[in-house]
Number of protein chains: 2
Amino acid sequence: MLTISQLAAYAGVTVRAVRHYHQIGLLPEPERDSSGYRRYGAAAAVSLIRIRILANAGVPLSQIGQMLEADAPTFAAAVADIDRQLSDEIARLEASRQQIAQLAAGDRLALPPQVIAYLDRLREIGASERVVAGERDGWILMAARWPDRVGDWMPGKIAQLDDPQVVRLYQILSGVFDSDAGDDARLEEAADLIAGLAEQAYASGEIDLGEVGQDDLPFDLLDALAVEADPRLQRLLDLVRERGWAGLARLERLPASPD
Amino acid sequence: MLTISQLAAYAGVTVRAVRHYHQIGLLPEPERDSSGYRRYGAAAAVSLIRIRILANAGVPLSQIGQMLEADAPTFAAAVADIDRQLSDEIARLEASRQQIAQLAAGDRLALPPQVIAYLDRLREIGASERVVAGERDGWILMAARWPDRVGDWMPGKIAQLDDPQVVRLYQILSGVFDSDAGDDARLEEAADLIAGLAEQAYASGEIDLGEVGQDDLPFDLLDALAVEADPRLQRLLDLVRERGWAGLARLERLPASPD
DNA sequence: GCTTGACCTTGACGCTGCGTCAACCCTCCA
DNA sequence: TGGAGGGTTGACGCAGCGTCAAGGTCAAGC
């Protein structure tokens with residue numbers, strides 16, 4: 001006959017845990033000896049081990065009781081379900097490892113390779129380090145929050161940089177943001193370019209006006225972040241808005257206004 | 001400027017979580033607008049996303065604050081540590097998947113292959129289905145509780161079955177436990193065989209009398225379980241004990257008694 | 001101007017799975 | 001005989017929020 005601490009040792013749990021299982025009715029209370037001590041048989045150890053296996057797998061104690069009472073097929077189905085949850089959880093943790101790696105990478109490497117490629121291309125077309133750094137910070141954020149969507153966005157972004165107008169746009173912006181003063185003439189030119197590009201993209205069907213809402217979250221955030229980094233971008237946003245569009249990172253047509 | 005629900009949506013958390021982070025000082029309280037509402041900038045979204053990445057990785061909120069304040073090398077070290085914990089946790093979950101699979105397998109397959117081999121070998125040497133079933137239940141328990149030690153035990157167990165005396169022992173036990181009555185003569189013979197085998201093993205140095213204690217847990221449990229399954233084993237244990245040994249699944253020499 | 005519904009506010013309790021006292025009783029061994 | 005090392009119940013504490021409750025606010029439509 002086992003005492004509670006022996007039982008706990010057999011099953012690899014604490015005495016407190018055993019008493020807790022008694023309290024919630026998961027493990028039946030055994031007989032007591034003359035002095036009121038609980039006395040267990042080996043079968044209790046088996047029950048307890050089964051309980052621990054399920055608990056370790058993340059099954060709530062409240063469900064374990066029902067599971068152990070269920071018939072074989074029901075039990076097997078429940079186990080299959082738990083196995084699925086476990087493999088999901090494993091996938092989540094793997095993803096989490098990647099995310100913290102990106103956090104630690106901070107400003108250096110280990111961003112998704114597509115983002116690195118995009119930033120390199122930006123430098124090639126003559127964007128200033130300041131602008132590249134701004135884009136990098138933005139994309140660190142995007143990669144952190146929407147890791148599985150970055151892969152969808154980047155090819156389009158990289159392809160854009162082949163357009164001479166886009167190249168020109170980044171060069172103007174680099175000029176403006178490397179200097180200290182507001183430079184309205186150049187901002188106007190940039191706004192013209194942006195509006196022109198937006199019209200083009202709209203005409204060719206690239207801008208899908210239907211799908212607004214959910215999907216704008218990331219890009220709205222990018223815009224807001226950019227404006228906080230350099231308030232002159234607010235002016236640019238306003239100029240773009242005057243031309244009938246909204247947004248920087250992704251454009252929307254404004255509802256027609258009585259201008 | 002963002003409201004709290006917008007901020008929460010950007011970061012993919014609940015409003016309640018954001019307020020909780022304020023309460024514990026993890027996220028600084030922002031300015032309030034005229035009606036007392038919290039108003040956030042985009043930078044808060046970035047902070048919040050960083051917090052969530054760490055929290056998702058399992059870092060306690062109380063540590064996240066310190067981590068985010070730390071300098072780069074300290075932060076990197078902490079991240080490396082978290083990564084290690086994550087990979088440990090993943091390993092744990094993988095092991096857990098195997099264990100629940102064994103639970104579900106119940107009496108059928110999916111025991112560790114070495115145990116299957118052992119049970120097959122038992123049948124070959126003529127052990128009855130009842131004895132095999134008893135061993136199987138015992139080893140299901142062992143494999144569940146001490147998964148990584150079963151591999152050490154089984155080769156020895158399987159090798160034992162090549163000894164004609166061991167074969168004889170299992171045949172006697174099968175005979176006894178398939179019948180209904182107590183059969184003292186055969187139990188005596190079995191006890192003689194066990195004691196003889198133990199003496200042999202002791203003489204050849206296979207039984208290490210030093211290492212008792214911790215390592216006996218599993219085998220004590222096996223014995224207790226066997227006795228609960230068939231009380232006649234208690235008689236066998238007593239007979240073995242009369243011959244100066246203790247245990248069934250693993251033997252110990254008893255301290256010399258004034259018999 | 002009024003209602004409605006979707007937000008916002010603070011405060012407080014609830015949940016899981018035990019850890020960790022406290023205050024007391026039992027048993028065993030030197 | 002006394003002290004160490006078991007056992008007993010009872011109660012509070014912990015993280016990380018979820019979930020009311022009981023209001024104040026904002027935007028839109030009538």
Side-chain angles (χ1 to χ4, degrees), chain A residues 1-40 44 47-68 82 85 89 92 96 213 255, chain B residues 1-40 44 47-68 82 85 89 92 96 213 255:
Chain A
M1 280 306 202
L2 310 173
T3 69
I4 195 170
S5 62
Q6 289 170 330
L7 174 74
Y10 279 129
V13 306
T14 65
V15 169
R16 182 64 178 87
V18 176
R19 288 205 264 250
H20 184 61
Y21 301 153
H22 286 321
Q23 242 182 6
I24 63 176
L26 184 50
L27 193 65
E29 284 274 3
E31 305 281 293
R32 306 294 182 114
D33 67 12
S34 59
S35 58
Y37 289 12
R38 294 177 178 86
R39 291 293 174 172
Y40 300 89
S47 301
L48 191 46
I49 288 172
R50 291 160 64 92
I51 290 171
R52 276 318 308 175
I53 290 176
L54 292 172
N56 287 338
V59 183
L61 298 187
S62 55
Q63 282 181 35
I64 292 181
Q66 305 166 22
M67 278 191 67
L68 294 181
I82 294 162
Q85 287 173 233
E89 177 69 4
R92 241 212 55 229
S96 198
Chain B
M1 281 307 207
L2 311 172
T3 68
I4 195 170
S5 62
Q6 288 170 332
L7 174 74
Y10 279 130
V13 306
T14 65
V15 169
R16 181 64 179 86
V18 175
R19 287 204 265 250
H20 184 61
Y21 300 153
H22 287 320
Q23 244 183 1
I24 64 176
L26 184 52
L27 193 65
E29 284 272 3
E31 305 280 293
R32 306 292 182 115
D33 67 13
S34 59
S35 57
Y37 289 11
R38 294 178 179 86
R39 290 295 174 172
Y40 300 89
S47 301
L48 190 47
I49 287 172
R50 291 161 63 92
I51 289 171
R52 276 318 309 175
I53 290 176
L54 292 173
N56 286 338
V59 184
L61 298 186
S62 56
Q63 282 181 36
I64 292 180
Q66 303 167 22
M67 278 191 67
L68 294 181
I82 294 161
Q85 288 172 234
E89 176 69 4
R92 241 211 56 228
S96 198

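Predicted, not measured: the structure shown is a model, and the values here were computed from it. So you know, we letter chains A, B, ... as the sequences are listed, proteins then strands, and number each from 1.
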### Task
Using atom CG of A:Leu2 as one end and atom C1' of D:dG7 as the other, report the distance to the nearest whole Å.
15 Å

### Message
Any residue in residues 16-30 of chain B with a heavy atom nearer than 4.0 angstrom to DNA chain D? Just list them by number, or reply none.
### Response
B:Arg16, B:Ala17, B:His20, B:Tyr21

### Query
side chain to side chain contact (heavy atoms under 4.5 Å, CB included) between B:Glu89 and A:Glu89: does it pass, once the steps are laid out?
CA-CA 10 Å; B:Glu89 176 69 4; A:Glu89 177 69 4; 5.6 Å; no

### Query
Would you say B:Ser35 reaches D:dG24's phosphate, i.e. side-chain N/O to OP1/OP2 under 4.0 Å?
no

### Task
Starting from the C-alpha separation in whole Å, work towards a yes-or-no answer on side chain to side chain contact (heavy atoms under 4.5 Å, CB included) for A:Ile82 and A:Met67.
CA-CA 11 Å; A:Ile82 294 162; A:Met67 278 191 67; 3.7 Å; yes

## Note on the structure
Walking DNA chain C from its 5' end, the first of A:Ala55 and B:Gly36 to be reached, judged by nearest nucleotide, is B:Gly36

### Message
For a quick test of reading the model, state the closest non-hydrogen atom pair linking A:Ser96 to B:Ile53 and the distance between them.
### Response
OG-O, 4.2 Å

### Message
Test side chain to side chain contact (heavy atoms under 4.5 Å, CB included) on A:Val18 and A:Tyr40; report intermediate values, then the result.
### Response
CA-CA 11 Å; A:Val18 176; A:Tyr40 300 89; 3.8 Å; yes

### Task
Please state how far atom OH in B:Tyr37 lies from atom C1' in D:dT25, giving the value in whole angstrom units.
3 Å

### Task
Tell me, with the steps shown, if B:Arg39 and B:Arg32 meet side chain to side chain contact (heavy atoms under 4.5 Å, CB included).
CA-CA 6 Å; B:Arg39 290 295 174 172; B:Arg32 306 292 182 115; over 6 Å; no

### Message
For the CZ atom of B:Arg38 and the CE atom of B:Met1, what is their distance to the nearest 0.5 Å?
### Response
14.5 Å

## Note on the structure
5'-most contact on DNA chain D (nearest-nucleotide basis), B:Gly58 vs B:Asp33, goes to B:Gly58

### Summary
From CD of B:Gln6 across to P of D:dA27 the rounded distance in Å is 12 Å

### Message
Please identify the 5'-most and 3'-most nucleotides of DNA chain C with any atom under 4.0 angstrom from a heavy atom of chain B.
### Response
C:dC7 to C:dA12

### Query
Ignoring hydrogens and geometry, is there a side-chain-to-backbone donor-acceptor pair from A:Arg92 to B:Asn56 under 3.5 Å?
yes

### Task
In whole angstrom, give the distance that lies between atom CZ of A:Arg38 and atom C1' of D:dT9.
9 Å

### Query
Atom CG of B:Leu54 and atom P of D:dG16: how far apart are they, to the nearest Å?
12 Å

### Query
Base, sugar-phosphate alone, or nothing: which one does B:Arg39 contact when heavy atoms must sit under 4.0 Å apart?
nothing

### Query
Side chain of B:Gln6, backbone of B:Thr3: donor and acceptor closer than 3.5 Å?
yes

### Query
At under 4.0 Å, does any side-chain N or O of A:Ser5 touch on OP1 or OP2 of D:dG6?
no

### Query
If every non-hydrogen atom of B:Pro28 is compared with every non-hydrogen atom of B:His22, which pair is closest and at what distance?
O-CE1, 3.2 Å

